[in-house]
Q: 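What follows is a structure written as structure tokens; I'll ask about it next.
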Amino acid sequence: MVARYVVSPHGGRRTYSDITSALHAAAARGRPALIEIRPGHYDEALTVRGEVRLTAVEGPGSVVVSRLRGAVLDTFGAVHVQGLALTGRDADVVTCHTGALTLEHVEIRAPGAVAVHAGPHTSLTLRDSVVLHGRTVFTGSAGLVERCRFTDAADNAIAVIEGARAAVRDSRIEGSRIHGLRVSEARAEVTGCEVTGTGNAALAADSRAELAVTECAITAVQAEGIMFAEQSRGSVDRARVTDALHGVVTKSGAAPVVRGSVFAACRDTGINVQAQGLGRFEDCEVLDARNVAVFSTRGGAPEVRDCRVVRGNVGIAVTDGARGRFTRVRIEDLTNSALRVLDGSAGVFEDVRVERCTLGLDTNGDGGATADLTGVVFRDFETAVTALGRSRVTLRNVTAERGVVGFGAGEEAWVLVHDSTVTAVSISGAAAFGKGRLLARNLTVNGSAGTGLTGSESGYLDVADSEFTDCAGAGAAFADQSSGRLVDCSVNGAEGPAVLHNGRVELVSLQTSLPVVRKAVRTVDQTPTVVNHIGPVFHGDVHGSQFAWNNDRVTQHQRTEGDDASP
């Protein structure tokens, strides 16, 4: 049978004037005890042993227990506290040393200190409670937090460390100076929670920790919404991160699985995989990322499937020796590149759809960036593919519709095209310039207002088994020192020459009813110049075209023009 004790600050018959006296009486009897505390302010440090329940008889907040300095509540046993307000400074306000502690409808104030500490091999339940200013720490313990609020922690609001296992459910964390929750060498589950206004990552896992996040909302954080680091593992399901610097970050060997989540209005990146980070991202959305929606850098290697990127600057960027595989991603309405691979990185893109983005894919870097595209569709662009530096791009079954230029290779880059189609471009279907190389097999260009193929400067085009139809300027045009060969190709249409020939092109089995014109270009009249600093630059008519990418200045060259009839 439970022994009942009553505490009242005003005394009275069969009551105790302080809580400590009631605890001593209960300990002396050695039986389970119920201590009912009447309203009042108690200046005490409580040590509770055995099976004890402390209850504020007139409800939450009616009983205040505080100390100017030091601990307020230390428990050893099976202790249940309900409705008390506990305030302390410069020490752990509440500590569970042994056994199990349950706190319900309590308020704990701990300016600059630990509010609640569950020590090794203990169990702590915190339910329907408020923690102000201090942090809650699980050290090698088991924990359950339900329907609680953590406000303005001077450190981490919740720390799960050193082998602890804790679940946090349906709670709100706000205004923490560091993390909302940090898990380190431990395991934490966070479900249905709101986290806002943290100074660092809202939810952070490091040091081989495990973190599972489900149906959480994270808003207005100064750094990462969710961060996995130092070989941590875990999952993120159906979370929403809004107005973070980075939506989710994985680095230093961490490898989470992120599914069905939304990263909106991130001030830098939505998904950020860096410093040998890993991770799998499925069915996610990145909306209005200010810089890059999906970013893999410095050795990162994510796998991204069935995701959607809408609005913002750059869609997917792989840089600084990183890798990435991107499958069934839809990218829409960006002001810059949908896909970007730079500086010794490698990107693999399969069944990606890009619509209404300024650039489709751009690659660059002396380190030899590589991009492999299979089944990718670009619609409504300025340039679908631009390869610069010494990068290499391979296109298989790629479609480019409604743009300015389809596929371009410049500087010392290579573009290899297989079984691909360019439709309705205003300047060129495929182009090589600088010392760029474009090799195409089974390329189809339909309805170019300019040319099907364009070579300029020292660009080289090797095209076989390809077809160019209704290209108003020419099926192919070669200027300057450009060269190449067309093997088993056909040029069809009602206007324009089949080939504008500079004498450096080998034509093998060309099928066409249109003329092949050998043209020694000497002069160019003053003609409109189109400049795009991240796309091509064109001078003059299409059949006398020159172009370059990334130029800050355009120079008109004066030459003389003459025509030589070609059979």
Side-chain angles (χ1 to χ4, degrees), residues 1-26 31-68 71-75 77-89 92-96 99-111 115-118 123-134 136 143-153 157-158 168-174 192-194:
M1 181 177 290
V2 176
R4 178 173 172 268
Y5 304 85
V6 177
V7 178
S8 173
H10 307 296
R13 185 171 178 271
R14 301 183 65 179
T15 66
Y16 297 87
S17 61
D18 58 72
I19 303 169
T20 301
S21 298
L23 290 172
H24 285 163
R31 292 170 52 188
L34 170 61
I35 298 176
E36 297 180 341
I37 309 169
R38 291 176 179 170
H41 190 161
Y42 299 84
D43 184 4
E44 300 183 57
L46 307 179
T47 299
V48 185
R49 301 180 186 276
E51 187 177 341
V52 179
R53 184 183 186 100
L54 295 100
T55 302
V57 294
E58 294 192 13
S62 62
V63 174
V64 177
V65 183
S66 67
R67 295 279 289 173
L68 187 61
V72 176
L73 176 63
D74 291 291
T75 68
V79 179
H80 192 126
V81 179
Q82 185 167 0
L84 275 62
L86 309 168
T87 301
R89 292 176 177 272
D92 297 358
V93 176
V94 177
T95 301
C96 179
L101 170 63
T102 298
L103 301 170
E104 287 189 300
H105 298 286
V106 302
E107 180 180 294
I108 304 169
R109 293 176 178 265
V116 185
H117 188 183
S123 175
L124 170 66
T125 298
L126 186 61
R127 186 177 289 125
D128 299 308
S129 296
V130 176
V131 178
L132 301 174
H133 312 305
T136 299
L144 173 62
V145 177
E146 293 183 312
R147 299 182 301 279
C148 292
R149 179 164 58 90
F150 302 84
T151 300
D152 295 336
I158 302 173
V168 183
R169 300 171 183 163
D170 303 318
S171 296
R172 178 178 173 84
I173 302 171
E174 56 192 14
C193 293
E194 298 179 27

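Basis for what follows: all heavy atoms, side chains included, without hydrogens, waters or symmetry-related copies. One is the number of the first residue; the rest follow in order along the sequence.
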Q: If you take all heavy atoms of Ser17 and Val7, which pair is closest and at what distance?
A: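 Here Ser17 and Val7 meet closest at C-CG1, 4.3 Å.
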
Q: Would you say that more than 12 heavy atoms from the other residues, nucleotides or ligands in this model lie under 6.0 Å from the NE2 of His24, or not?
A: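 Not more than 12 within 6.0 Å, no.
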
Q: Ala56 and Ser62: which non-hydrogen atoms are nearest, and at how many Å?
A: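 In terms of heavy atoms, the two residues are closest at CB-OG, 3.6 Å.
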
Q: Just how far is it from atom CG of Leu84 to atom CD1 of Ile37, taken to the nearest 0.5 Å?
A: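 Going from the CG atom of Leu84 to the CD1 atom of Ile37 covers 4.5 Å.
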
Q: Roughly how far apart are Leu54 CG and Leu103 CG, rounded to 0.5 Å?
A: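 It comes to 10.5 Å.
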
Q: side-chain hydrogen bond (donor to acceptor under 3.5 Å, both in side chains) with Thr20: which residues, sequence neighbours excluded?
A: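 By the side-chain hydrogen bond (donor to acceptor under 3.5 Å, both in side chains) rule, Thr20 matches Glu44.
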
Q: At what distance, to the nearest 0.5 angstrom, does CD of Gln82 lie from CD of Glu36?
A: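 So the CD of Gln82 and the CD of Glu36 are separated by 11.0 Å.
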
Q: May I ask you to decide if His80's main-chain N or O and Thr102's side chain share a donor-acceptor pair within less than 3.5 Å?
A: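 Side chain of Thr102 to backbone of His80: no pair is present.
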
Q: Is the closest basic N to carboxylate O distance between Asp170 and Arg147 below 4.0 Å?
A: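 Not counted as a salt bridge, because no side-chain N and carboxylate O are separated by less than 4.0 Å.
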
Q: Assess whether side-chain contact (heavy atoms from CB on, under 4.5 Å) is satisfied between Thr136 and Ile108, documenting all intermediate values.
A: CA-CA 10 Å; Thr136 299; Ile108 304 169; over 6 Å; no

Q: So Arg4 and Val2, side-chain contact (heavy atoms from CB on, under 4.5 Å) or not? Walk me through it.
A: CA-CA 6 Å; Arg4 178 173 172 268; Val2 176; 6.0 Å; no

Q: Do Val6 and Arg14 have side-chain heavy atoms sitting under 4.5 Å apart?
A: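 No. Closest side-chain heavy atoms not under 4.5 Å.
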
Q: Kindly give the heavy-atom pair with the smallest separation between Ile173 and Ala157, and that separation in Å.
A: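 Closest approach of Ile173 to Ala157: CG2-CB, 3.6 Å.
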
Q: Are the side chain of Thr15 and the backbone N or O of Gly12 linked by a donor-acceptor pair below 3.5 Å?
A: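 It does hold such a pair.
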
Q: Output yes when a side-chain donor or acceptor of Ser171 lies under 3.5 Å from a complementary backbone atom of Arg169, and no otherwise.
A: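 Present.
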
Q: Looking only at atom types and distance, does a side-chain atom of Arg31 sit under 3.5 Å from a main-chain N or O of Met1, one as donor and one as acceptor?
A: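 Yes, because the side chain of Arg31 sits within donor-acceptor range (under 3.5 Å) of the backbone of Met1.
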
Q: Is it true that, when you exclude Arg89 itself, more than 12 heavy atoms of the residues, nucleotides or ligands shown sit nearer than 6.0 Å to its CZ?
A: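 12 or below, so no.
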
Q: Rounded at 0.5 Å granularity, tell me how far CD in Glu174 sits from CZ in Arg149.
A: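 If we round to the nearest 0.5 Å, Glu174:CD and Arg149:CZ are 5.5 Å apart.
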
Q: Just how far is it from atom OG1 of Thr75 to atom CG of Leu101, taken to the nearest 0.5 Å?
A: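 The OG1 atom of Thr75 sits 4.5 Å away from the CG atom of Leu101.
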
Q: Testing the basics here: between Tyr5 and Ala22, what is the closest heavy-atom pair and its distance to 0.1 Å?
A: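 The pair with the smallest heavy-atom distance is CB-CB, 4.2 Å.
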
Q: I'd like to know if the side chain of Ser129 reaches the main chain of Val106, judged simply by a donor and an acceptor atom lying under 3.5 Å from each other, with no hydrogens or angles considered.
A: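 Present.
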
Q: Hey, are the side chains of Tyr16 and Ile35 touching, using non-hydrogen atoms and a 4.5 Å cut-off?
A: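 Side-chain contact under 4.5 Å: no.
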
Q: Sorted by first residue and then second, give each salt bridge (Lys or Arg N to Asp or Glu O under 4.0 Å) pair with at least one member in residues 99-110; sequence neighbours left out.
A: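 Passing the test, one end in residues 99-110: Glu104-Arg127, Glu107-Arg109.
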
Q: Under the side-chain contact (heavy atoms from CB on, under 4.5 Å) rule, what do Leu73 and Val48 come out as? Steps first, then yes or no, please.
A: CA-CA 8 Å; Leu73 176 63; Val48 185; 3.7 Å; yes

Q: Tell me the closest heavy-atom pair linking Ala26 and Ala33, and the distance in Å.
A: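 Where Ala26 meets Ala33 most closely, the heavy atoms are CB-CB, 3.7 Å.
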
Q: Check Ala110 against Val93 and note the closest heavy-atom contact, atom names and distance.
A: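 Scanning both residues, the minimum pair turns out to be CB-CG2, 3.6 Å.
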
Q: Hey, could you give me the CG/CG distance between Asp18 and Leu23, rounded to the nearest 0.5 Å?
A: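 That separation rounds to 9.0 Å.
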
